[in-house]
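Below: one structure, written as structure tokens.
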Amino acid sequence: MIDSPVQHTGILTIGTPGKSLTECTREISEWVGGTGITEGLLTLFIRHTSASLLIQENAAPEVQDDLIAYFDQLAPEGSHYAHDSEGPDDMPAHLKSALTQTHLAIPVIDGRLALGAWQGIYLFEHRRRPHQREIALHLAGE
Amino acid sequence: MIDSPVQHTGILTIGTPGKSLTECTREISEWVGGTGITEGLLTLFIRHTSASLLIQENAAPEVQDDLIAYFDQLAPEGSHYAHDSEGPDDMPAHLKSALTQTHLAIPVIDGRLALGAWQGIYLFEHRRRPHQREIALHLAGE
Amino acid sequence: MIDSPVQHTGILTIGTPGKSLTECTREISEWVGGTGITEGLLTLFIRHTSASLLIQENAAPEVQDDLIAYFDQLAPEGSHYAHDSEGPDDMPAHLKSALTQTHLAIPVIDGRLALGAWQGIYLFEHRRRPHQREIALHLAGE
């Protein structure tokens, strides 16, 4: 039991090269480390609806290729969407965003994020072109 | 860094007209505003398994039509489900709920929800008939 | 409004019999009860990428059978994945994990989890063989 938690907030901006999984575990761990909090809860919230967040395996790079190919097949580009004014990759991007996560929460225990041995934090860019993406951060703890 | 966060809880009841995306950004923002908290973390939890929560674009209404049509096609009604005692739209509703979100968390920064410019908070009703849906609210901050 | 929340963290280990939905509502409720916190926010985070978390109906067992069959059909085993070095059920497990939840948050209100009448907390095991799975727990409140 820990008395009187404190909290920190921030915005992290990540550049993406277009459709991809960009790992940002290190940037986020460094931000957490900088707060001095060793026990608490980290929350990440992506401020977009055509990119999302994902915890995935960070050991085998083929996993990331398979994830991107899978979601392309599950929510394909095509002429059957009512919303097409922002390009053929926009509505599939919203669908992929709905199927994955706009936010993540990860406990901080014993001074580090409670990620498993093979887990990494990814920004999942669904648009074809490069984008600057903002992630709002919140950390409460002690 | 902010000392000694406080917390608030509540229940928000939203009526839905049957299968639809009902935006509730305003109701939720007003509840947050009423607490006086300007820095913290809001959590929403829907107390049902045949309706869910979603952050999506609130600019183009066609996006919402496409989302509803997409999930209808991804989890269609049919005679192939073992669970059919509550009607043909019940098991597809559970599947859509599993594919989207039962809870959302959104940081509150500088006195407002850290939503992006085009993001809205939606209750995604998956049943055909109108329902009253309960969302449990939790806000911790200062 | 409640002053000066405190927090608790822990790790819960759950054994699974291979591909299944294992309800762990009771274990988690007991852990919450043991902290003495009656108003707050519980967060669960599974430390794996081939198993996930799900809130689902716990009344009709057929719902669980349909969920397992549905995700098997949505992310089938096959020879079309680049990542196949850990067995044919590994990449489908990562996809099912991406489509469901690595973490859940549930408010605690009036001394109990704010779950709806028919909601249970499930560990969704996606691998064929039995596994020991770790869930990191965080509870802040009063």
Side-chain angles (χ1 to χ4, degrees), chain A residues 1-7 21 37-44 52-71 73-75 95-96 98-101 103-122 124 139-142, chain C residues 3-12 34-37 40-53 73-76 78-86 90-106 131-142:
Chain A
M1 198 182 81
I2 298 157
D3 283 293
S4 303
V6 294
Q7 63 176 358
L21 283 159
I37 285 181
T38 56
E39 207 84 7
L41 183 70
L42 171 70
T43 302
L44 311 173
S52 55
L53 299 171
L54 207 54
I55 301 281
Q56 267 296 334
E57 175 173 318
N58 65 359
E62 298 84 14
V63 171
Q64 298 159 42
D65 298 336
D66 281 334
L67 278 163
I68 292 167
Y70 176 77
F71 279 95
Q73 164 259 315
L74 194 61
L95 299 177
K96 293 170 189 173
L99 290 166
T100 54
Q101 313 302 321
H103 90 282
L104 296 172
I106 308 169
V108 177
I109 302 180
D110 292 340
R112 56 185 298 281
L113 290 170
L115 292 167
W118 313 111
Q119 285 181 313
I121 306 167
Y122 290 88
F124 200 171
L139 175 59
E142 171 131 321
Chain C
D3 283 293
S4 301
V6 294
Q7 63 177 358
H8 296 260
T9 57
I11 302 283
L12 183 66
T35 66
I37 286 181
L41 183 70
L42 171 70
T43 301
L44 311 174
F45 180 89
I46 191 162
R47 306 182 70 211
H48 309 277
T49 59
S50 56
S52 55
L53 299 171
Q73 162 260 314
L74 194 61
S79 57
H80 53 298
Y81 299 114
H83 176 73
D84 60 4
S85 57
E86 295 173 57
D90 190 58
M91 194 59 222
H94 292 312
L95 299 177
K96 293 170 189 174
S97 168
L99 289 166
T100 54
Q101 313 303 320
T102 295
H103 90 283
L104 296 172
I106 309 169
H131 277 78
Q132 293 295 110
R133 300 300 196 176
E134 288 186 355
I135 300 175
L137 307 168
H138 180 272
L139 176 59
E142 171 131 323

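Just so it is clear, the values below take in all heavy atoms, side chains as well, and ignore hydrogens, waters and symmetry mates. Remember, it's a predicted structure, so these values are computed and weren't measured experimentally. Here is how names work: the chains are called A, B, and so on, in the same order as the sequence lines, proteins then strands, and each is numbered from 1.
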Where on C:A105 is there a heavy atom nearer than 4.5 Å to chain A: the side chain, the backbone, both, or neither?
neither
Starting from the C-alpha separation in whole Å, work towards a yes-or-no answer on side chain to side chain contact (heavy atoms under 4.5 Å, CB included) for C:F45 and A:I109.
CA-CA 12 Å; C:F45 180 89; A:I109 302 180; over 6 Å; no
Mark yes or no for whether A:Q56, through its side chain, and C:S97, through its backbone, hold a donor-acceptor pair below 3.5 Å.
no
From C:T49 OG1 over to A:L115 CG, what is the distance, rounded to the nearest 0.5 angstrom?
11.0 Å
In Å, rounded to the nearest 0.5 Å, how long is the span from CD of A:Q101 to NE2 of C:H103?
7.5 Å
Heavy-atom pair of closest approach, residues A:G40 and C:Q7
CA-OE1, 3.3 Å
Closest non-hydrogen atom pair, A:Q119 against C:T102:
NE2-CG2, 3.9 Å
So which of A:Y70, A:F71, A:W118 has the biggest tally of heavy-atom pairs under 4.5 Å with chain C?
A:Y70
Which bit of C:A75 comes within less than 4.5 Å of chain A, counting heavy atoms only: side chain, backbone, both or neither?
both
Region of A:A60 in contact with chain C, defined by heavy-atom distances below 4.5 Å:
side chain
Correct closest heavy-atom pair for C:M91 and A:V63 would be CE-O, 3.6 Å
Got a second to check how far C:L42's CG is from A:L41's CG, nearest 0.5 Å?
10.0 Å
Part of C:E134 lying under 4.5 Å from any heavy atom of chain A
neither
Interchain contact, C:L74 with chain A, by part (heavy-atom threshold 4.5 Å):
both
Which bit of A:L67 is near chain C, if near means a heavy-atom gap under 4.5 Å: side chain, backbone, both or neither?
both
Run the side-chain hydrogen bond (donor to acceptor under 3.5 Å, both in side chains) test against A:D66 and tell me which residues pass, sequence neighbours left out.
none
Rounded to the nearest 0.5 Å, what's the gap from CD1 on A:I55 to NE2 on C:H48? Could you check?
13.0 Å
Heavy atoms, side chains only, cut-off 4.5 Å: are C:H80 and A:Q73 in contact?
no
Is it the side chain or the backbone of C:S85 that comes within 4.5 Å of chain A heavy atoms, both, or neither?
neither
For A:F124, which atoms come within 4.5 Å of any heavy atom of chain C: side chain, backbone, both, or neither?
neither
Measure distances from A:A69 to the heavy atoms of chain C and classify the residue's part below 4.5 Å as side chain, backbone, both or neither.
neither
